[in-house]
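Remarks on the structure that follows.
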Amino acid sequence: DREDITAALASDQDVEAIEQESQEAKNAGIEGVPCFIFGGRFAVSGAQSPEYLAQAIERIASGEADAAE
């Protein structure tokens, strides 16, 4: 609804949540976009090829990323 969106944008209703998410990203060392986080544990930063992202997904799915830690 246009009125709901306009009211939400004019308010501070989501400021705290966004600031918290921003701080969490900063604490995790994320300083740029895009940043893809797979399985909540494996991060790929920057623009990457689809092949590289597919390999990252395969690694996290197979548990290789856990062994690399």
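Residue indices begin at 1 and follow the sequence shown.
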Query raised in the report: Can you tell me how far the CD1 atom of Ile60 sits from the CD atom of Gln55, to the nearest 0.5 Å?
Result: 14.0 Å
Report task. List the atom of Ala43, the atom of Cys35, and the distance in Å for their closest heavy-atom pair. Result -> CB-SG, 4.3 Å
Report task. May I ask you to decide if Ser45's main-chain N or O and Gln48's side chain share a donor-acceptor pair within less than 3.5 Å? Result -> yes
Query raised in the report: Between the side chain of Thr6 and the main-chain N/O of Arg2, is any donor-acceptor distance below 3.5 Å?
Result: yes
Report summary line: Taken in chain and number order and not counting sequence neighbours, the residues that satisfy side chain to side chain contact (heavy atoms under 4.5 Å, CB included) with Glu19 are Val15
Query raised in the report: For Gln23, does the CD atom have more than 12 heavy-atom neighbours from other residues, nucleotides or ligands under 6.0 Å away?
Result: yes
Report task. Might you confirm whether atom CD of Glu3 has over 12 heavy atoms from other residues, nucleotides or ligands at distances under 6.0 Å? Result -> no
Query - Value rounded to 0.5 Å, distance of CD in Glu16 from CD in Gln20 - result: 7.0 Å
Requested in this report: Taking all non-hydrogen atoms of both residues into account, name the closest pair between Gly46 and Phe36 and its distance.
Outcome: O-CE1, 4.2 Å
Query raised in the report: Would you say the side chain of Ile37 lies within less than 4.5 Å of the side chain of Ile30, judging by non-hydrogen atoms?
Result: yes
